[in-house]
Amino acid sequence: MKTLKFSYLGNFSHSLDAAVYHAQPRFTEEIAEIFELARKYDLRIAPRGAGRSYNDAALKGGGIVLDLSLLRCVQAWDAETGILRAEPGLTLESLWQYILPDGWWPPVVSGTMKTTLGGCLGMNIHGKNNFKKGTIGENILEFDAILPNGKEVTCTPKKNKDLFYGMISGMGMLGIFTSVTMQMKRVYSGLLEVKEWNVPNLEAQLDALLEGAPRNDYIVGWLDGTARGRRLGRGQIHAANYLAKDEDPDPAETTRVAFQTLPDTFFGVIPKSKLHYLMSLGLNNLGVWGVNTAKYLLGRNKSYQQAHAAFHFLLDYVPDWEKSYGKYGLIQYQSFLPKETALDAWTEILKLSQKRGLPTYLGVTKRHRPDNFLISHALDGFSLALDFKITNSNRAKLAKMVQDFDEIVLDAGGRFYFAKNSETSAETTRQFLGEETIKKFGKLKKRCDPENLLYSDLYERIFGAQ
Ligand SMILES: Cc1cc2nc3c(=O)[nH]c(=O)nc-3n(C[C@H](O)[C@H](O)[C@H](O)COP(=O)(O)OP(=O)(O)OC[C@H]3O[C@@H](n4cnc5c(N)ncnc54)[C@H](O)[C@@H]3O)c2cc1C
């Protein structure tokens, strides 16, 4: 790789783009060359996996975006133990397709399979089983990384422990993951046993997550952000469990990749690649109210079996669905609240969004547990992710509203997730993380990256210009 290509790159939700120097190494050795180029031309670097963060995490306007998506080899796979070693650009899609035919599934996955291992570690992602399996970092046995200070390190929960817990969740600001070793989860079928039921309001929604989590392998809620009054926060819960050994009469068939793959047409007619055009017609306050009301009223108690990929990656069913939000894209606001304060704080947030005429078009709730990573978003409570459409006329109003949300979340002892939120300020970050965590992160940063080469737009926004 000899040159840096000048390019415009955006974020997943099409709400931001930046003019950058795009570097795409094909070999790990080239990463050190990029650090050299950055020094020579006084540029800063944002690492990038698949660019699926909703915000500015994988962007550096005027700097280098170090795109690691071509480093994507599986380096070792043991189908007996379920231990996999791979380069950081391997996507979760390639990963599950590689291991499922051998009867394994990734222990933690995001709501899209397009993310890379490096990006998932950078943000320390969670799945619909966070309450049970923790974040992805809790399932990592070892990783190798190259640091801007020239060192190459191997980290495990015991070796270079501070780097292990700092780099996983460190938003790519301490070093570059070059190889990841991870324990997969044994499965005896390509199917999950799924239950689905309606909940009439936010209180019932949170109760269902709390009571349902210990009895299920996965649990997640859909929240109708347009419902008001005593129906505020109503929605649907989906809970799923693995099938036990011998429960699936034909596991060889259900674990085939072709069995999992989502169909090409919707209702057997509309090509799924065109579906986002159709969706865009309904993406306004009235349309979303209509669709949500119908979804809720048609909701029934149901049990069925569903392929792993269909359960986890529903959003991937419609390719480019984010484009249905129009040319200004969307923002996602995800807050994490202790179980004691979640109901009141989210009631306030949902009411505020309705009062300002900016209802969320998609709400998702999950159950979480705390973890030991340095920049941790999870806690003993719940998360609520809210999607908002950006238009030319609502942009400023929306930005102000999510900053108001931040105050409500801080007051309620909540936490934020830097893979999603696009407005959280340095002052809010300081209050959320606390002086001690910021100091610890700063110390690691100085040790790994004394020249501040790794420096994304997100980093500057949440820690202030350095
Ligand atoms: C539809 C959708 C659903 C989602 N669902 C979930 C969910 O259920 N749970 C959840 O937790 N998140 C979820 N996310 C967020 C997503 O999982 C994270 O933003 C994830 O980090 C994106 O991975 P990526 O490979 O695209 O990384 P990018 O967005 O490209 O980068 C993410 C971060 O990792 C850093 N990074 C990337 N590669 C490396 C590397 N090799 N070394 C060091 N740092 C690196 C980047 O600098 C950046 O800070 C979802 C996103 C989408 C679009």
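In each ligand, atom 1 is the first atom listed, and ligand 1 is the first ligand listed. For clarity, every value in this text was computed on a predicted model and none was experimentally measured.
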Mind telling me whether Phe336 and Tyr417 have parallel, tilted or perpendicular rings, with 30° and 60° as the class edges?
perpendicular

State which residues pass salt bridge (charged side-chain N to carboxylate O under 4.0 Å, His left out) with Lys389; sequence neighbours excluded, sorted by chain then number.
none

Only one of His368, His126, Gln334 clears side chain to side chain donor-acceptor pair (under 3.5 Å) with His377; which?
His126

So Asp56 and Ser456, do their side chains get closer than 4.5 Å, heavy atoms only?
no

Anything under 3.5 Å between a donor and an acceptor, one on a side chain of residues 162-173, the other on a protein residue two or more places apart or in another chain? List them.
{"unit_1": "Asp162", "atom_1": "OD2", "unit_2": "Arg447", "atom_2": "NH1", "d": "2.7"}
{"unit_1": "Asp162", "atom_1": "OD2", "unit_2": "Arg447", "atom_2": "NH2", "d": "3.4"}
{"unit_1": "Ser169", "atom_1": "OG", "unit_2": "Ile375", "atom_2": "N", "d": "3.2"}

Side-chain donor-acceptor distances from residues 68-77 under 3.5 Å, at least two apart:
{"unit_1": "Ser69", "atom_1": "OG", "unit_2": "Asp67", "atom_2": "OD1", "d": "2.6"}
{"unit_1": "Gln75", "atom_1": "OE1", "unit_2": "Ser179", "atom_2": "OG", "d": "2.8"}
{"unit_1": "Trp77", "atom_1": "NE1", "unit_2": "Asp102", "atom_2": "OD2", "d": "2.7"}

Proximal protein residues to ligand 1, non-hydrogen atoms under 4.0 angstrom:
Phe12, Pro47, Arg48, Gly49, Ala50, Gly51, Arg52, Ser53, Tyr54, Ala57, Ala58, Leu68, Pro88, Ser110, Gly111, Thr112, Thr115, Thr116, Gly118, Gly119, Gly122, Met123, Ile125, His126, Met171, Gly172, Gly175, Ile176, Phe177, Leu315, Trp321, Lys366, Tyr417, Ala419, Lys420

